[in-house]
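These values consider heavy atoms only, across backbone and side chains, with no hydrogens, waters or symmetry-generated copies. So that the names make sense, note that chain A is the first sequence line, chain B the second, and so on, each numbered from 1.
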There are 2 protein chains.
Amino acid sequence: MKFAAVDVRQSASAADLVYEALRKAIIEGKIAVGDNLRQEEIAQMFNTSRIPVREALSRLEQHGLITTQRYKGAVVAGLSIEEIDEIFEFRALIEAEVMRLAVPNLDRATLDKARTYCDAFDRETDPHRWGEINRQFHTTLYEASGRPYYLQNVQSSLDRIDRYLRAQLTFTNGVPRAGREHEAILAACEKGDADLASRLTRDHILDAGRALMSFLRDQRG
Amino acid sequence: MKFAAVDVRQSASAADLVYEALRKAIIEGKIAVGDNLRQEEIAQMFNTSRIPVREALSRLEQHGLITTQRYKGAVVAGLSIEEIDEIFEFRALIEAEVMRLAVPNLDRATLDKARTYCDAFDRETDPHRWGEINRQFHTTLYEASGRPYYLQNVQSSLDRIDRYLRAQLTFTNGVPRAGREHEAILAACEKGDADLASRLTRDHILDAGRALMSFLRDQRG
DNA sequence: TATAGAAAAATTGGATCCAATATACAATAT
DNA sequence: ATATTGTATATTGGATCCAATTTTTCTATA
């Protein structure tokens with residue numbers, strides 16, 4: 001007789017853990033652009049050897065989060081104004097489409113969950129938490145689209161610019177319109193108006209992009 | 001006195017070479033879905049050790065080209081009908097947009113280059129070459145958009161489905177409309193009609209997608 | 001013969017060691 | 001004093017070795 005297959009939760013490899021931890025640190029801006037990522041140092045931080053660290057770094061490079069040079073090591077990749085601009089444009093395109101595809105599939109539970117994040121966003125006073133809550137609000141709605149490949153690309157593009165968004169939110173004490181824009185998007189979702197929700201999502205992202213642009217231009221001179 | 005700086009071509013690492021070679025083999029369909037990728041075997045093929053091979057495999061997994069399981073190894077990732085469908089939908093969205101952005105920047109040289117590939121596509125009799133030429137035709141035009149991030153995503157999504165397209169082209173002896181559709185797209189580009197070029201690109205991709213879908217449904221039963 | 005279990009082989013993930021290269025710094029010449 | 005050269009150190013890329021686990025083979029038994 002056979003037992004039912006137990007989901008033994010294939011424990012993640014060291015490389016996976018290092019990758020996830022570094023990814024998180026980079027997108028949250030904990031590691032500054034240009035900072036050297038020393039393999040030995042990271043290995044010691046995770047109580048492991050350089051082999052899994054190198055694997056993790058290699059993956060991060062594939063995602064554009066770091067750049068490496070032979071025998072010189074890795075640094076967190078910075079983005080030019082033009083690159084940031086392009087990523088916002090890209091996000092506006094695909095997230096608007098994902099939103100459109102999601103609306104017909106939204107159920108009560110999902111809308112309620114989104115409402116929770118929306119309220120949490122408005123109430124939250126710690127700027128460091130906004131990035132995360134904002135992401136969860138949008139992701140919750142997007143997931144209803146049933147488009148995992150789109151979702152992956154949304155996450156990936158957001159990863160690249162998240163730390164800039166967070167820096168902006170922290171410095172400027174929030175994007176004042178963001179809360180109201182979330183409300184509007186959620187209202188359109190409640191009404192089942194896919195076109196409106198899509199349009200508002202697009203504007204919401206482009207708005208944030210414009211705000212970030214002018215913030216960065218001020219900062220960088 | 002100084003010599004002109006010689007581009008010493010930072011020689012790529014073994015991991016880079018292995019990655020590129022495997023990527024090419026996978027997207028061209030030289031390695032079948034489900035085939036085991038043995039680290040030792042690959043290492044011997046490239047006269048190297050398993051370390052760079054593992055790095056390469058790790059990157060391939062990040063791009064969704066293979067899947068790995070701890071202690072079990074890597075296999076080329078197959079795509080379900082639904083996944084393929086979603087990727088075509090995604091491509092239609094972003095490639096149409098890239099085309100729209102490219103048209104205003106197209107110059108004579110680029111158009112001529114695209115014309116060359118377009119003609120080559122029509123003349124080519126070896127089905128195995130179509131995939132490559134088709135890709136070059138589109139990429140040539142897309143590059144004028146000046147959107148590297150979009151381009152990267154275009155390549156990445158094409159990588160995932162290229163081998164299915166190639167299989168289809170080989171089996172069905174070509175997609176009859178593809179040549180005419182290329183002509184139409186190029187004509188719209190010559191006219192500078194961004195909207196039309198964009199719309200035709202979208203239809204071109206959705207057409208190919210529909211053809212591939214019915215081909216695969218027949219094949220898979 | 002067919003099957004369950006044990007032993008052997010194969011395979012992966014990670015640690016340690018070595019080679020290649022870059023950087024930092026001291027010694028030397030102008 | 002400054003620039004240049006040589007050397008030591010640090011750091012990365014890769015090879016080899018070991019541990020954990022899976023897969024295969026073999027063997028004993030019903």
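Screening residues 17-52 of chain B for ring pair (Phe, Tyr, Trp, His ring centres under 6.0 Å) gives no qualifying pairs among residues at least two apart or on separate chains.
Smallest separation of non-hydrogen atoms from B:A114 and B:L186: CB-CD1, 3.9 Å.
Distance CD (A:E55) to P (D:dT12): 16 Å, rounded to an integer number of Å. At whole-Å resolution of the value, CG in A:L57 and P in D:dG14 are 14 Å apart. Atom CZ of A:F46 is separated from atom C1' of C:dG14 by 16 Å (rounded to the nearest Å).
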All N/O contacts under 3.5 Å from nucleotides 9-12 of chain C to the protein, with atom names and distances to one decimal?
{"unit_1": "C:dT12", "atom_1": "OP1", "unit_2": "B:Q39", "atom_2": "N", "d": "3.4"}

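Heavy atoms of other residues, nucleotides or ligands lying less than 6.0 angstrom from CZ of B:R202 number 12 at most.
Of the inter-residue distances, the one linking B:I185 atom CD1 with B:H204 atom NE2 reads 5.0 Å to the nearest 0.5 angstrom.
Put simply, the side chain of A:E86 gets close to the backbone of B:Y150: a donor and an acceptor are under 3.5 Å apart. Remark: the backbone N or O of A:A96 is paired with a side-chain donor or acceptor of A:S198 at under 3.5 angstrom.
Nucleic acid contact for B:T48: sugar-phosphate only, since backbone atoms but no base atoms lie under 4.0 Å from a heavy atom of the residue.
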